[in-house]
Asks: 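Below you will find the structure I want to go over with you.
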Protein chains: 2
Amino acid sequence: MSSTSPKLALFEQFALVAKTLGHPQRLELIEQLGQGPRHVDLLADKLGLPIANVSQHLQAMRRAGLVAAERQGKYVIYRLASPDVLAAVQAIQQVAEANLAEVGRVVRGYFYQRDCLEPISRDELQSRLRDGTVTVLDVRPADEYALGHVPGALNVPLGELEARLSALDPAQEVIAYCRGPYCVMSFEAVARLRQMGFSARRLQDGMPEWAAAGQPVES
Amino acid sequence: MSSTSPKLALFEQFALVAKTLGHPQRLELIEQLGQGPRHVDLLADKLGLPIANVSQHLQAMRRAGLVAAERQGKYVIYRLASPDVLAAVQAIQQVAEANLAEVGRVVRGYFYQRDCLEPISRDELQSRLRDGTVTVLDVRPADEYALGHVPGALNVPLGELEARLSALDPAQEVIAYCRGPYCVMSFEAVARLRQMGFSARRLQDGMPEWAAAGQPVES
DNA sequence: GCGATAATCAATAATTACATTGAATCGTTG
DNA sequence: CAACGATTCAATGTAATTATTGATTATCGC
């Protein structure tokens, strides 16, 4: 009566995708890969995990159709299999934020407490970039900046923020961004900048989403 | 330097959501709940699983913020925690369909082979319903029809299709729908109707998506 | 209150997922 | 072609998931 065999086969494949997403460090890998293709060593370094472990996670994700790999010289470069992957992760985050009490608590308590202002949208930033009325700050580590950033953005990693304040024009609004909606770095940067008397705001989401939205990337 | 503690806590919650989605029969439960709230017994019956098993799956999903439960008399009624849940499942299905060879094969081979025509969109069906120029067929089992269906739709379960052909006006186009994009029933119905000389098409997706899109539901 | 029905809980055994270790490939570079 | 670096593979023990069973709680109708 109902469809049994092909349907189960499909659902098992869907489940494989979801199950493979169901691991915090694999989500972190996706966050990294969302910023651009990376090789295994670098990813292992970023996550602070043994290389073999990361390699196995990446292979599991490859089997689930989440990432793709390509050999380049002695490196194996991994990248997201398609932009759909980021969309799926975002959809899951949305469910968690809406329905899991703890997530809501952390997000509202730890994140938004430090930033009562609305973030600036990607489109708005684009147009203000053309006008030249903003300073854009990429507060990620230097290597992530090097692999792709918003055109014209200055790379000022969080740790160097205070030391490099003098490079900023106090008259211009500062827009900070980092890895994505659940990365605290841009929140932290905005909070500190405001304390210093700057007019500062966050960019909506972060780098992976900027690239995924088809905005230009400079490297 | 980077955010460690609150971020890991968040990612673990996200992973919990994804991991909980990573089970074929839990996806089936979500498909059922996407059609409307249900109690445990009925769900167990639909899936052909022991009640205790379904109950445990439902509780796991409740812990992950996917479903919500409410006691009504001696029944416990479960429902999707939010429409986001369907969106997340769809995003995962999209990843699977795009990047997993086997899924693409099954979908194209088993499903689309039987339906070379484009499905009709929800909005188009709405407007043609107002004009009265279509017959809408709900080919799901009677009990699922009873719990909510497209206004004006006739309930003709697949098994009874041939027996009830006479009730259809051969001059009108027939639109069939069932549980969703990966349910074969409407494909099957359309194929048989065409063989009988009817002009038949599928509705895009199915009931859960119809309801999730805010379209009217009759019960 | 007493059965009857709906659902959950508790305990188990089987399976699967995971991190870790050290060895084995693969490609480059001297 | 040998040595090296990047990655994968294979094997291990541990932990987490899962289905199943039977017992237990909650609610209704009488």
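Just so we're on the same page: letters track the sequence lines, and every chain starts at 1.
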Asks: Can you classify the ring geometry of B/His39 versus B/Tyr75 as parallel (below 30°), tilted (30 to 60°) or perpendicular (above 60°)?
Replies: perpendicular
Asks: At 4.0 Å (heavy atoms only), tell me whether B/Ala60 reaches a base, stays on the sugar-phosphate, or touches nothing.
Replies: nothing
Asks: Which residue lies toward the 5' end of DNA chain D, B/Arg71 or B/Pro50, if each is placed at its nearest nucleotide?
Replies: B/Pro50
Asks: Please give, in whole Å, the distance from D/dT17 C1' to B/Lys19 NZ?
Replies: 9 Å
Asks: From CG of A/Leu43 over to C1' of D/dA6, roughly how many Å is that when rounded to an integer?
Replies: 13 Å
Asks: OG/B/Ser186 to CD/B/Gln204 distance, rounded to the nearest 0.5 angstrom?
Replies: 11.5 Å
Asks: Any side-chain N or O of B/His39 less than 4.0 Å from the OP1 or OP2 oxygen of C/dA6?
Replies: no
Asks: If only side-chain N and O atoms of B/Gln59 are considered, is one of them under 4.0 Å from the OP1 or OP2 phosphate oxygen of C/dA7?
Replies: no
Asks: On DNA chain C, nearest-nucleotide positions of A/Gly22 versus B/Ala69: which is more 5'?
Replies: B/Ala69
Asks: Is any side-chain nitrogen or oxygen of A/Ser55 closer than 4.0 Å to OP1 or OP2 of D/dT8?
Replies: yes
Asks: Taking only the side-chain nitrogens and oxygens of A/His23, find out if one of them lies under 4.0 Å from OP1 or OP2 of C/dA19.
Replies: yes
Asks: Looking at C/dA17, I'd like to know if its phosphate oxygens (OP1 or OP2) sit under 4.0 Å from a side-chain N or O belonging to A/His57.
Replies: no
Asks: Between B/Gln25 and D/dA19, is there a side-chain N or O to OP1/OP2 distance below 4.0 Å?
Replies: yes
Asks: Looking at every strand, decide which applies to B/Arg26 at a 4.0 Å heavy-atom threshold: base, sugar-phosphate, or nothing.
Replies: sugar-phosphate
Asks: Please check the phosphate of C/dT8 (OP1 and OP2 only) for any side-chain N or O of B/Tyr78 closer than 4.0 Å.
Replies: yes
Asks: Nearest whole Å is fine: how far is C/dT20 P from A/Leu47 CG?
Replies: 13 Å
Asks: Among B/Glu28, B/Glu144, B/Glu31, which residue meets the salt bridge (charged side-chain N to carboxylate O under 4.0 Å, His left out) test with B/Lys46?
Replies: B/Glu144
Asks: Atom CG of B/Asn53 and atom P of C/dA10: how far apart are they, to the nearest Å?
Replies: 17 Å
Asks: Establish, from distance only, whether the side-chain atoms of A/Gln215 and A/Gln126 form a donor-acceptor pair under 3.5 Å.
Replies: yes
Asks: B/Asp45 has an atom CG; how far is it from atom P of C/dA6, in whole Å?
Replies: 11 Å
Asks: Considering just the side-chain nitrogens and oxygens of B/Gln72, establish if one lies under 4.0 Å of OP1 or OP2 belonging to D/dT27.
Replies: no
Asks: Taking N and O atoms by type only, does the side chain of B/Gln56 place a donor or acceptor under 3.5 Å from a partner on the base of D/dT20?
Replies: yes
Asks: Can you tell which of C/dT8, D/dT8, D/dA6 lies closest to the side chain of B/Val76?
Replies: C/dT8
Asks: Check the distance between C/dT8's C1' and B/Leu49's CG and give it to me in whole angstrom.
Replies: 17 Å
Asks: Does a side-chain N or O of A/Lys74 approach OP1 or OP2 of D/dC4 to a distance below 4.0 Å, or not?
Replies: no
Asks: Check the orientation of B/Tyr145 and B/His149. Use parallel for under 30°, tilted for 30 to 60°, and perpendicular for over 60°.
Replies: parallel
Asks: CD1 of A/Ile51 versus P of C/dA23: gap in Å, rounded?
Replies: 17 Å
Asks: Quick one: A/Glu70 CD to C/dC26 C1', roughly how many Å, whole number?
Replies: 16 Å
Asks: Would you say the side chains of B/Glu97 and B/Tyr182 form a donor-acceptor pair under 3.5 Å?
Replies: yes
